[in-house]
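Below: the structure, in structure tokens.
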Amino acid sequence: MPIEYERKGKIGYFTIRNGSVNPMTPAMHKELYGHMLEFLADDNVHVGIMQGAGDRAFSAGDDIKTPYAKFDTPMAELEYYLAPKHRMETKEPDTFSWSRDVLALDRFKPIIAAVRGYCFGQGMIYLSHLTDIRVASEDAKFGFPEIAYGMGGAGGSTRLSRFIPHTVAMEMLLTGDPLDAQQALRANLVNAVVPADQVLAKAEAYAERIARHPLVALRVEMEASLRGMDMSRQGALDHAKNLYRMQRLAYGGEERVKEFLYKQD
């Protein structure tokens, strides 16, 4: 399978596997959608790791040469785009629209990126939307080369200026030139840069420290942080307070707090 998903303990592993630079096809977006549903629904999994197979690329982006679905009528096309369940069941060729369904999922479970080599185009979009902590190899490169082919819009797809300095985002988006690993680290696009043979181990170290926490606490922290970015200050405070109250009820009150305390390393 071009997109592989497996669970090891409390960690779910997503691996993009499609040749030397792991280009994304429509079928792979569809597979990723299904794997994300499985990951998010599994209460035994607390955190994910996303990586590309091999050392050359996380993903070099969409393979635009791949054939995609054609439709006999506008109504058939509209139904296809508006009904993800119908598209999961169809045996017809896929479209790149599945990537939008992946990005539209409510994801309140953390994922760590392990990036070796190229992270371009759709790979970069998935990095921006689907990962929260990122480890890069020393030879990693991050970019949006599509503008050279007349395909702009990545800035809207990623809201990149919200996560790295606007000037750096514009340099990436408007020139099409990639950032190297150290530039990405300085721009806070990644958390750590390590030798290529240590990338997965570093990502797993992050994952293990996250996975030891109660799942409900991870969910609350993720939702409070992500939804809070789109709220007013007061709205974010009220939302976080409400989530905290619901969390305490889920724990059963103060008498159960000790069950979730442990010695910090």
> Do V47 and L37 share a hydrophobic cluster (ILVMFWY, side-chain heavy atoms under 4.5 Å, transitive)?
Replying inline: no
> When hydrophobic residues are tied together by side-chain contacts of less than 4.5 Å, even through go-betweens, does L130 share a cluster with Y13?
Replying inline: no
Report the distance from atom [atom1] of [X] to atom [atom2] of [Y], rounding to the nearest 0.5 Å.
X   : Y    : atom1 : atom2 : value
K30 : D101 : NZ    : CG    : 11.0 Å
H35 : T15  : NE2   : OG1   : 9.5 Å
Y5  : E38  : OH    : CD    : 5.5 Å

Check ion pair [X]-[Y] (N to O, under 4.0 angstrom):
X    : Y    : value
D132 : R107 : yes
E208 : R212 : no
K141 : D180 : no

Can you find a heavy atom in the side chain of [X] that is under 4.5 Å from one in the side chain of [Y]?
X    : Y    : value
R134 : L189 : yes
L200 : V135 : no
C119 : Y126 : no

>> Side chains of S161 and H166 only: does a donor on one sit below 3.5 Å from an acceptor on the other?
In response: yes
> Do you see a donor-acceptor pair shorter than 3.5 Å between the side chains of E171 and T167?
Replying inline: no
> Just wondering, are more than 12 heavy atoms of other shown residues or ligands nearer than 6.0 Å to OH in Y118?
Replying inline: no
